[in-house]
Amino acid sequence: MIKKMSLIFILMAFFLTACSAPATPSEDTAPVPEKSTSPKTAIPLRITWKTYSGRGETVQNIVGTFNQTQTDYEIQLISGDEDLEAVIKNFEQAQADIYVLPYRFVKELGPTGYLKQLDSSQLENMSSDLMELAMDGDRLYGFPWVSHSTALLYNKDLVETAGIDPESIIDRSSFLNALDRIEATTDASGIGLVGADHHDLSWMVNQFIYGSGGQLESEGKVAILSDASIEGLTYYIRDLGGHAQPTWHEDTGIEVMDLFRNEKVAFEIQGLWGVTDIAKSGAPFEVGILPLSAIQASAEVGPLMLTIRADLPEEKMTAAETFVNYMVSKDAQVAILHGEYSPEHDAYYPFRLPVRSDALDIHFLSLFPDFDVFISSYASPSIDVPSPKWMTVRTSIYTKYIHQMVTGQLSISQGVEKIQTEGAALYEGEK
């Protein structure tokens with residue numbers, strides 16, 4: 001059987017036979033980009049990565065294809081990050097015309113007048129749930145561009161040793177039975193879990209709250225206090241917690257990936273980077289992928305949005321809109337699958353997935369038939385930050401109280417009640 005790493009190398013060779021590997025300088029020695037000598041008018045695009053990074057190089061290749069079709073304008077990449085204060089400062093100084101922004105920033109910045117309202121009729125084969133993340137009422141301020149979603153990853157060797165048929169995992173109860181068998185027949189813990197007072201804990205548990213029918217807010221109000229939310233948290237903390245690694249109360253996603261890589265846990269909840277991480281480690285085992293819906297959980301999604309500043313002159317605005325429409329076209333979306341170059345491994349690895357449902361190329365799926373699990377999860381996502389107000393709740397009280405539930409300092413019902421009460425007060429203060 002061909003190892004997963006070999007499949008990735010075959011895939012990237014198929015896509016990029018004509019692509020030479022770019023050098024990746026350190027941040028301290030990165031060259032200052034020269035001013036363009038092109039006669040075309042520059043339209044700066046601020047991304048969320050360094051332009052000289054593997055991801056920046058991939059985006060530049062896609063942008064370059066677009067620029068070849070233009071006679072008057074040229075999209076020019078500039079480095080960026082996911083720092084809201086830096087983004088706002090960038091807007092105020094007019095350093096870019098088009099911005100790649102995390103979805104949670106778009107809802108906050110859209111109503112301020114920074115962002116142009118976009119025409120949703122240009123979006124095809126895209127989940128309405130993803131579009132909703134860039135909307136304020138019926139006003140759309142960003143086009144979903146690339147995303148990720150999480151899945152239930154498993155070590156095929158450990159699962160096979162335990163005599164588990166992955167297709168038998170069809171609900172929460174059958175999953176607990178599988179974890180019992182893992183622990184009875186191998187030296188591994190059943191599942192790697194996050195429990196530390198850290199932002200990883202927020203998106204992790206929310207998947208089980210949403211999957212149980214709960215929600216964080218409704219109609220602009222905190223709405224976590226429900227039987228469904230308590231059910232989801234109980235399954236994560238009590239049921240899955242009973243099969244987690246001994247250190248899970250203080251572990252983040254980084255520690256969980258380390259444990260999975262070293263075969264200390266049989267299952268983990270990660271995005272596609274959990275698959276490529278094993279490939280980069282020499283493929284010590286094959287990774288299986290199950291949808292989180294198999295255990296009644298909703299996958300976390302984190303789409304990046306393409307946005308346009310609202311005050312561009314008409315000529316630039318037309319060119320910027322043409323570019324944004326191109327970036328959500330099927331051709332540009334498929335190009336995301338080329339992945340990022342890793343100098344260490346001299347190979348390309350997927351780092352994000354397209355948002356269009358028709359962009360998983362048939363050649364890609366012939367090598368990775370399970371990767372459609374990630375895109376199919378867009379249909380019923382878990383949304384970690386449903387509104388700007390919730391960000392205040394998350395950073396000030398949410399992960400703190402969830403962590404205290406994990407450690408037993410609070411009962412689950414007590415913790416949910418505290419989040420509801422104190423969260424409602426924070427919402428009132430945000431008016």
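Quick caveat, the model's predicted, so the values are computed rather than measured.
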Would the distance check show the side chain of Thr395 and the main-chain N or O of Thr392 forming a donor-acceptor pair, the cut-off being under 3.5 Å?
yes
Test item: side-chain donor near acceptor, Glu321 and Thr318, under 3.5 Å
no
Side-chain donor-acceptor pair present, Gln95, Asn90, cut-off under 3.5 Å
yes
Where the side chain of Ser127 meets the backbone of Tyr378, is there a donor-acceptor pair that is under 3.5 Å apart?
yes
Side chains of Asp331 and Ser329: any donor to acceptor distance under 3.5 Å?
no
Asp277 and Lys280 ion-paired at < 4.0 Å:
no
Met317 vs Arg309 side-chain heavy atoms within contact, under 4.5 Å:
no
Glu57 side chain vs Glu340 backbone, donor-acceptor pair below 3.5 Å
no
Does Val100 reach the side chain of Leu45, with side-chain heavy atoms less than 4.5 Å apart?
yes
CZ of Phe208 to OG of Ser382: how many Å apart, nearest 0.5 Å?
10.0 Å
First locate atom OH of Tyr99, then atom CD1 of Ile47, and finally report the distance between them rounded to the nearest 0.5 Å.
13.5 Å
Min side-chain heavy-atom separation Leu118-Phe143 under 4.5 Å:
yes
Is it the case that the side chain of Glu160 and the backbone of Asp157 share a donor-acceptor pair, with hydrogens and angles ignored and the cut-off at 3.5 Å?
no
Kindly indicate, with the supporting measurements, whether the criterion side-chain contact (heavy atoms from CB on, under 4.5 Å) is fulfilled by Ile43 and Phe323.
CA-CA 10 Å; Ile43 298 181; Phe323 171 72; over 6 Å; no
Do any N or O atoms from the side chain of Lys116 and from the backbone of Asp311 form a donor-acceptor pair under 3.5 angstrom?
no
Write down the atom of Leu77, the atom of Gly56, and the distance for their closest heavy-atom approach.
CD2-O, 3.6 Å
Is the count of non-hydrogen atoms from other residues, nucleotides or ligands lying under 6.0 Å from Lys264 atom NZ greater than 12?
no
Taking Asn67 for the side chain and Glu74 for the main chain, is one N or O donor matched with an acceptor at less than 3.5 Å?
no
Residue that, paired with Met391, satisfies side chain to side chain contact (heavy atoms under 4.5 Å, CB included) out of Val385, Asp384, Leu84:
Val385
Checking side chain to side chain contact (heavy atoms under 4.5 Å, CB included) against Phe175, which of Leu290, Ile170, Leu240 comes through?
Leu240
Got a sec, which pairs hit side chain to side chain donor-acceptor pair (under 3.5 Å) with one end in residues 208-218, sequence neighbours left out?
Arg172-Ser212, Glu217-Ser387, Glu217-Tyr427
If I compare all heavy atoms of Arg352 with all of Ile336, which pair ends up nearest, and what's the gap?
O-CG2, 3.4 Å
In this structure, CE of Met305 is separated from CG of Leu101 (nearest 0.5 Å) by 9.5 Å
Would you confirm whether the ring centroid of Tyr141 sits within less than 6.0 angstrom of the ring centroid of Tyr114?
no
Can you find a pair of side-chain heavy atoms, one from Leu426 and one from Lys389, that are under 4.5 Å apart?
no
Given side chains that start at C-beta, do those of Leu216 and Tyr398 come closer than 4.5 Å, heavy atoms only?
yes
Does one side chain, of Thr322 or Asn325, offer a donor that lies under 3.5 Å from an acceptor on the other?
no
Can you tell me if Thr307 uses its side chain to pair, donor with acceptor, with the backbone of Gly142 under 3.5 Å?
no
Got a sec, which pairs hit salt bridge (charged side-chain N to carboxylate O under 4.0 Å, His left out) with one end in residues 87-103, sequence neighbours left out?
Asp97-Lys316
Short side-chain to backbone donor-acceptor contact, Glu263 and Ala188, under 3.5 Å:
no
In the structure I gave you, are the side-chain heavy atoms of Val256 and Trp248 within less than 4.5 Å of one another anywhere?
no
Can you tell me how far the CD1 atom of Ile98 sits from the CD atom of Gln76, to the nearest 0.5 Å?
11.5 Å
Shortest non-hydrogen contact from Ser149 to Ile375?
OG-N, 4.3 Å
Which heavy atom of Val106 sits nearest a heavy atom of Pro111, and at what distance?
O-CD, 4.4 Å
Under 3.5 Å donor-acceptor, Arg356 side chain and Val328 backbone:
yes
Identify the residue among Trp49, Tyr341, Trp273 that makes a ring pair (Phe, Tyr, Trp, His ring centres under 6.0 Å) with Phe351.
Trp49
Should Ile209 and Tyr236 count as side-chain neighbours, where that means a heavy-atom distance under 4.5 Å?
no
When you compare the side chains of Glu300 and Asn206, does any donor N or O come within less than 3.5 Å of an acceptor on the partner?
no
Please check this pair: side chain of Ser229 against backbone of Ile224, looking for a donor-acceptor N/O pair closer than 3.5 Å.
yes
What's the shortest heavy-atom distance between Ser377 and Ala299, and which atoms?
CB-CB, 3.5 Å
Going through the distances and angles, do Thr58 and Arg55 end up as a side-chain contact (heavy atoms from CB on, under 4.5 Å)?
CA-CA 5 Å; Thr58 297; Arg55 299 179 182 188; 5.6 Å; no
Count the heavy atoms belonging to other residues, nucleotides or ligands that lie under 6.0 Å from CD of Glu314, then report whether that count exceeds 12.
no
Kindly state whether the ring of Phe285 and the ring of Phe260 have centres lying under 6.0 angstrom apart.
yes
Kindly compute the distance separating CD1 (Ile88) from CG (Leu109), expressed to the nearest 0.5 Å.
5.5 Å
Side-chain touch Trp390/Ile383, heavy atoms, less than 4.5 angstrom
no
Checking Tyr401 now: which residues fulfil side chain to side chain donor-acceptor pair (under 3.5 Å) with it, not counting sequence neighbours?
Glu422
Minimum-distance pair of heavy atoms, taken over all atoms of Val194 and Leu201:
O-CD1, 3.4 Å
Here the gap from Ile169 atom CD1 to Ile295 atom CD1, rounded to the nearest 0.5 Å, amounts to 8.5 Å
I'd like to know if Glu82 and Arg104 make a salt bridge, using a cut-off of under 4.0 Å between side-chain N and carboxylate O.
yes
Could you go through the side-chain contact (heavy atoms from CB on, under 4.5 Å) check for Gln333 and Asn125 one step at a time?
CA-CA 11 Å; Gln333 288 276 286; Asn125 297 288; over 6 Å; no
Stepwise side-chain contact (heavy atoms from CB on, under 4.5 Å) test for Thr71 and Lys40
CA-CA 7 Å; Thr71 57; Lys40 300 178 184 179; 5.8 Å; no
